[in-house]
Amino acid sequence: MAPIVDIHTHVYPPKYMDLLRSRTTVPYVRNFPDAPDSSRLIILPGEDDPSMPSTSRGRPIGSEYFDIKEKIAFMDQHKIDKSVISLANPWLDFLPAEEAGQKAIEINDDVNEQCGLYPGRLYFFGTLPLSADADTIVKEIERLSTLKYARGVILGTSGLGSGLDDPALDPVYAALSKHNQLIFLHPHYGLPNSVYGPRVGDYGHVLHLAMGFPLETTIAVTRMLLSGVWDRHTGLNVLLAHSGGTLPFLAGRIESCILHDGHLKAHGKTQNRRDVWDILKTNIYLDAVIYSEVGLNAAVEASGADRLLFGTDHPFFPPLEEDAKEWHSVNANYGAISKAFANSDEKAQGVLGGNAVRILRLED
Ligand code: URA
Ligand code: ZN
């Protein structure tokens, strides 16, 4: 039996919590005067609207977000043998350039040390100082490749400030390819608030998390494709959060739009290029955090069962009942895998952990 491996699971390590608690603008952690005993995590754009009561701003944050013992307890509860933990959004995107390099070092060391407390059970995706210059970022990639438990980097979609199709990212992509470090691409910013309409406040976080997040990922990865990132960096591997956003479902449409675009044709960009299907099967891995076998089947069709990896998104999406022990969100992902692979235990084992062990070098 392959071990069960969770590759989509977040932490805010102590050094990052200190940073969030020291801030008063998004992102920050704060105890508001009307509920002084409970901390709130305010990270998403628009979450600190002063017209909202403080008790519905952001979300409550407890020790499950930063205490590594709680991660292990959650893993034990849900039969997860190994986790590849990553800093949760919005990473270091918001830091001034001159602070980012040093903070990345402190936070990556902090997380590497926490992994060392549970050898064989914890690995991590490092964080890059993206607001710094490319040299500082490349240095951190090189340093990460020497940290015992690092297995790649988590990246948002903003890149150096103008997205992942920015040619200035070439040295970063080259360094990641050279050191065989995978990018775990994860959304944070969603779509412009105007898309959600004036009644967005009535709908909790649903539109942002269920629609904004996956579309943000889909657009970011399509921009990478259109700008030829994988034509220049043929060995660059990217693990897409949430089963690729909507990429598996939209890949055919993306390809068709490319092939019917007069502007691209006139610039010779419809030929001699790697198409989305090739990249989905060669450079892209997809997590299995989609909560239904319908989405999971699309992911399998697009990238193959050997490129799909189980995840939970812990500590986000906890059960809302106070006394619940098992997480519905986790069981939905387990259930989708067992339904999608009812006819192939071997494939199920791969998705649950075998693929992660192979791709991320997690052998004991
Ligand atoms: N909400 C977030 O802000 N991040 C996640 O990863 C999941 C839910
Ligand atoms: Zn996540």
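Positions are given from 1, in the same order as the sequence printed here. Whatever order the structure lists ligands and atoms in, that order sets their numbers, starting from 1.
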Using a 3.5 Å cut-off and no angle test, enumerate the donor-acceptor pairs between side-chain atoms of residues 355-364 and protein atoms at least two apart in sequence or in another chain.
from	atom 1	to	atom 2	distance (Å)
Asn355	OD1	Arg358	NH1	3.1
Asn355	ND2	Ala305	O	2.8
Asn355	ND2	Leu308	O	2.9
Asn355	ND2	Gly350	O	3.3
Arg358	NH2	Asp306	O	2.7
Asp364	OD1	Lys82	NZ	2.6

Do Lys71 and Thr9 have a side chain donor and acceptor closer than 3.5 Å?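 A pair is found: one side chain offers a donor N or O, the other an acceptor, under 3.5 Å apart.
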
Salt bridge or not between Asp48 and Arg40? Use side-chain N to carboxylate O under 4.0 Å.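 Result for this pair is no, no salt bridge flagged.
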
Under 4.0 Å from any heavy atom of [X], which atoms of ligand 1 are there?
| X | value |
| --- | --- |
| Ile43 | 3 (O) |
| Phe317 | 7 (C), 8 (C) |
| Asp313 | 5 (C), 6 (O), 7 (C) |
| His186 | 5 (C), 6 (O) |

Name of the residue among Phe124, Tyr285, Phe125 meeting ring-ring contact (aromatic ring centres under 6.0 Å, His included) with Phe184: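 The ring-ring contact (aromatic ring centres under 6.0 Å, His included) with Phe184 is passed solely by Phe125 among Phe124, Tyr285, Phe125.
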
Under 4.5 Å between any side-chain heavy atoms of Lys69 and Ser63, yes or no?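 Side-chain contact under 4.5 Å: no.
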
Pick one of side chain, backbone, both or neither for how His208 approaches ligand 1, counting any non-hydrogen atom pair under 4.0 Å.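 For His208, there is no contact with ligand 1 at all, from either part.
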
Under 3.5 Å, side-chain donor or acceptor atoms of residues 160-177 against the rest of the protein: list the pairs with distances, not counting sequence neighbours.
from	atom 1	to	atom 2	distance (Å)
Ser162	OG	Asp166	OD2	3.2
Asp165	OD1	Arg223	NE	3.4
Asp165	OD1	Arg223	NH2	2.9
Asp165	OD2	Arg223	NE	3.0
Asp166	OD1	Ala168	N	2.9
Asp170	OD1	Arg232	NE	3.3
Asp170	OD1	Arg232	NH2	3.1
Asp170	OD1	His233	NE2	2.8
Asp170	OD2	Arg232	NE	3.0
Tyr173	OH	Leu164	O	2.7
Ser177	OG	Tyr173	O	3.0

Nearest protein heavy-atom contact for atom 4 (N) of ligand 1: which residue, which atom, what distance?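 The closest one turns out to be Asn89 OD1, 2.8 Å.
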
Please report, to 0.1 Å, the donor-acceptor pairs under 3.5 Å made by any side chain of residues 92-102, with sequence neighbours excluded.
from	atom 1	to	atom 2	distance (Å)
Asp93	OD2	Ser158	OG	3.2
Asp93	OD2	Tyr189	OH	2.7

Describe, in one word, how the ring planes of His78 and Phe74 are oriented to each other, choosing from parallel (under 30°), tilted (30 to 60°) and perpendicular (over 60°).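 Tilted: the ring planes of His78 and Phe74 meet at 30° to 60°.
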
Excluding waters, which protein N, O or S atoms are within less than 2.8 Å of the Zn ion (ligand 2)?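 Within the sphere that stays under 2.8 Å of the Zn ion (ligand 2), the protein atoms of type N, O or S are His8 NE2, His10 NE2, His186 NE2, Asp313 OD1.
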
